[in-house]
J.: 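What follows is a single structure, and I will ask about it in a moment.
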Amino acid sequence: MAPISHLWAELPGISPELAAADSAAVDDWHADGADSASEDAEEEDDYPVLLRLAALGSSFAARVNRLGARQREQLLERLDEALVSGAEHERNAVATGFLEALVGAHDRGVFDLATIWHELGAESRHYIKLWNTRTAAAVPYWMTFRDPPEPQSAGAAAALLRDSCDLLASADDRLLNTSAEALDADPGCELEHRVENMASAFVRGFHEIDRSTRAKVFEALERVVLGAPEDDAAAVGERFVPALVAGCRRGALHPVLILSSLGPHTARCFRKVDEVTP
């Protein structure tokens with residue numbers, strides 16, 4: 001990937017208005033007599049790349065309604081590429097500069113992040129969801145779904161998890177076939193047992209499950225947490241999520257991978273469980 005410094009040469013072609021705002025920010029930096037010695041400095045400019053991207057993020061947020069879809073796509077795609085495969089200082093600058101500037105503008109009510117959420121790259125969305133999880137910020141539904149999730153019927157936790165992954169469906173079938181009498185004796189525990197059993201299967205088989213299927217499982221969990229009856233949501237929060245937390249503590253799963261992949265509401269549940277579990 002080309003260095004992120006190439007972005008400044010490309011910016012006038014992406015958006016002359018953003019390029020003009022960037023040029024003004026650079027001029028202001030020099031006018032303030034800033035010290036040019038910085039480990040983040042670019043070879044052709046002493047303006048630290050982190051501060052420059054933070055200014056670009058603020059400019060983008062202020063002008064987003066005047067940018068065309070193609071302009072937004074080009075800029076956000078370039079920055080997501082840098083977040084994925086750029087040098088360390090470039091990744092840090094995109095994350096703590098540009099993306100956190102967007103989140104800050106959204107939190108202040110001067111920019112609606114929802115309007116461009118699905119135009120952000122996958123890595124950018126993961127970073128913002130992880131940031132919200134760490135800061136315990138309120139998490140809106142649109143960080144997971146384009147439209148408000150539909151209400152789910154009773155038993156949705158088991159049904160959605162089964163549909164999301166063949167491995168979980170097979171584990172559920174084995175439980176139902178071998179434990180029918182025990183479950184019949186205590187029907188109220190059936191949903192919890194089934195969800196806990198599928199959670200164990202998911203943790204055990206995590207590294208053999210392909211990425212797209214994992215995403216379907218995480219989406220199923222989010223749908224339950226957001227729109228399923230209380231018993232279903234409790235089964236996920238008290239059985240499935242604790243299994244993920246335990247898997248991370250054993251080293252079977254990596255917590256950053258899990259937190260950046262979970263839906264934001266499920267990720268908040270993960271944090272709470274992790275905080276209260278000895």
Side-chain angles (χ1 to χ4, degrees), residues 103 107 122-123 125-145 148-149 151-165 167-169 171-172 175 179 183 186 188-209 211 213-278:
V103 173
D107 291 343
E123 198 67 22
R125 293 197 302 271
H126 280 168
Y127 179 81
I128 292 174
K129 287 191 289 186
L130 189 57
W131 173 258
N132 274 330
T133 299
R134 287 172 173 169
T135 59
V139 182
Y141 75 83
W142 45 260
M143 285 194 173
T144 304
F145 309 109
Q152 301 293 330
S153 58
L160 289 173
L161 287 170
R162 285 180 59 91
D163 290 344
S164 68
C165 177
L167 177 66
L168 303 193
D172 190 44
L175 175 68
S179 305
L183 293 173
D186 190 1
C189 292
E190 179 177 353
L191 180 63
E192 293 182 355
H193 286 317
R194 293 176 67 187
V195 170
E196 184 173 31
N197 177 59
M198 285 189 275
S200 297
F202 182 73
V203 172
R204 287 196 306 271
F206 182 82
H207 296 289
E208 283 70 51
I209 300 173
R211 186 173 180 178
T213 301
R214 292 180 200 166
K216 292 177 182 177
V217 174
F218 292 137
E219 180 177 324
L221 295 174
E222 188 78 350
R223 289 188 182 279
V224 172
V225 171
L226 278 173
E230 183 177 351
D231 287 348
D232 290 271
V236 166
E238 296 172 8
R239 300 293 179 137
F240 204 107
V241 172
L244 295 178
V245 172
C248 290
R249 292 186 174 185
R250 294 197 309 270
L253 308 176
H254 195 292
V256 173
L257 175 60
I258 297 300
L259 280 170
S260 63
S261 301
L262 285 171
H265 294 81
T266 316
R268 290 187 74 191
C269 181
F270 181 102
R271 267 185 86 247
K272 290 179 181 178
V273 171
D274 190 36
E275 288 172 356
V276 302
T277 304

J.: Kindly give the heavy-atom pair with the smallest separation between A171 and A201, and that separation in Å.
T.: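 Taking A171 first and A201 second, the nearest heavy atoms are CB-CB, 3.6 Å.
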J.: Ignoring hydrogens, what is the shortest heavy-atom contact between S164 and T213? Give both atom names and the distance.
T.: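 The answer is O-CG2, 3.6 Å.
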J.: Give the minimum heavy-atom separation between C165 and V217, together with the two atoms involved.
T.: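 Looking at all heavy atoms of both residues, the closest pair is CB-CG2, 3.7 Å.
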J.: Enter the distance from R125:CZ to E123:CD here, rounded to the nearest 0.5 Å.
T.: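 It comes to 10.0 Å.
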J.: Would you name the heavy atoms of A157 and V236 that are closest together and state the gap between them?
T.: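 Between these two residues, the closest heavy atoms are CB-CG2, 4.3 Å.
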J.: Any side-chain heavy-atom pair from L262 and L244 closer than 4.5 angstrom?
T.: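 Yes; the side chains approach each other to less than 4.5 Å.
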J.: Does E275 have more than 12 heavy atoms from other residues, nucleotides or ligands lying within 6.0 Å of its CD?
T.: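 Yes, because the 6.0 Å sphere around CD of E275 holds more than 12 heavy atoms from other groups.
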J.: With a 6.0 Å cut-off on ring centres, are F240 and F218 close enough?
T.: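 No.
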J.: Closest approach of A156 and A228, non-hydrogen atoms and distance?
T.: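 Nearest pair, atom of A156 first, then A228: CB-CB, 4.3 Å.
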J.: Do any N or O atoms from the side chain of H207 and from the backbone of A252 form a donor-acceptor pair under 3.5 angstrom?
T.: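 Confirmed, H207 side chain pairs with A252 backbone.
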J.: Please test V225 against R268 for side chain to side chain contact (heavy atoms under 4.5 Å, CB included), starting from the C-alpha separation and ending with a verdict.
T.: CA-CA 11 Å; V225 171; R268 290 187 74 191; over 6 Å; no
J.: Is any side-chain heavy atom of L226 less than 4.5 Å from a side-chain heavy atom of E222?
T.: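 In short, these two side chains touch, coming nearer than 4.5 Å.
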J.: Say you draw a straight line from CE of M198 to CG of L161; how long is it, rounded to the nearest 0.5 Å?
T.: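 Result: 5.0 Å between the selected atoms.
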J.: Out of curiosity, T266 OG1 to L221 CG, how far, rounded to the nearest 0.5 Å?
T.: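 Atom-to-atom, T266:OG1 and L221:CG are 5.5 Å apart.
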J.: Does a side-chain heavy-atom distance below 4.5 Å link L167 with F202?
T.: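 When only atoms from C-beta onward are counted, F202 and L167 do not touch, as no gap falls below 4.5 Å.
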J.: Should the ring pair W131 and Y127 be called parallel, tilted or perpendicular, given that the plane angle runs from 0 to 90° and is split at 30 and 60?
T.: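 Answer is parallel, since the angle falls under 30°.
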J.: Is a side-chain donor or acceptor of D231 paired with a backbone partner of A154 at a separation under 3.5 angstrom?
T.: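 No, because the side chain of D231 does not come within donor-acceptor range (under 3.5 Å) of the backbone of A154.
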J.: Any side-chain to backbone donor/acceptor pair from R249 onto D274? Under 3.5 Å, distance only.
T.: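 Checked: pair present.
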J.: Would you say that Q152 contacts D232 through its side chain, given a criterion of any heavy-atom pair below 4.5 Å between the two side chains?
T.: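 Side-chain contact under 4.5 Å: no.
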J.: State, with a plain yes or no, whether a side-chain heavy atom of R239 is found less than 4.5 Å away from one of R194.
T.: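 Counting from C-beta outward, R239 and R194 never come under 4.5 Å.
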J.: Set out, in order, the CA-CA distance, both residues' side-chain angles and the distance that settles side chain to side chain contact (heavy atoms under 4.5 Å, CB included) for I258 and C248, then state yes or no.
T.: CA-CA 8 Å; I258 297 300; C248 290; 4.0 Å; yes
J.: Is there a donor-acceptor pair under 3.5 Å between the side chain of R214 and the backbone N or O of I209?
T.: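 Yes; judged by distance alone, with no hydrogens or angles, the pair exists.
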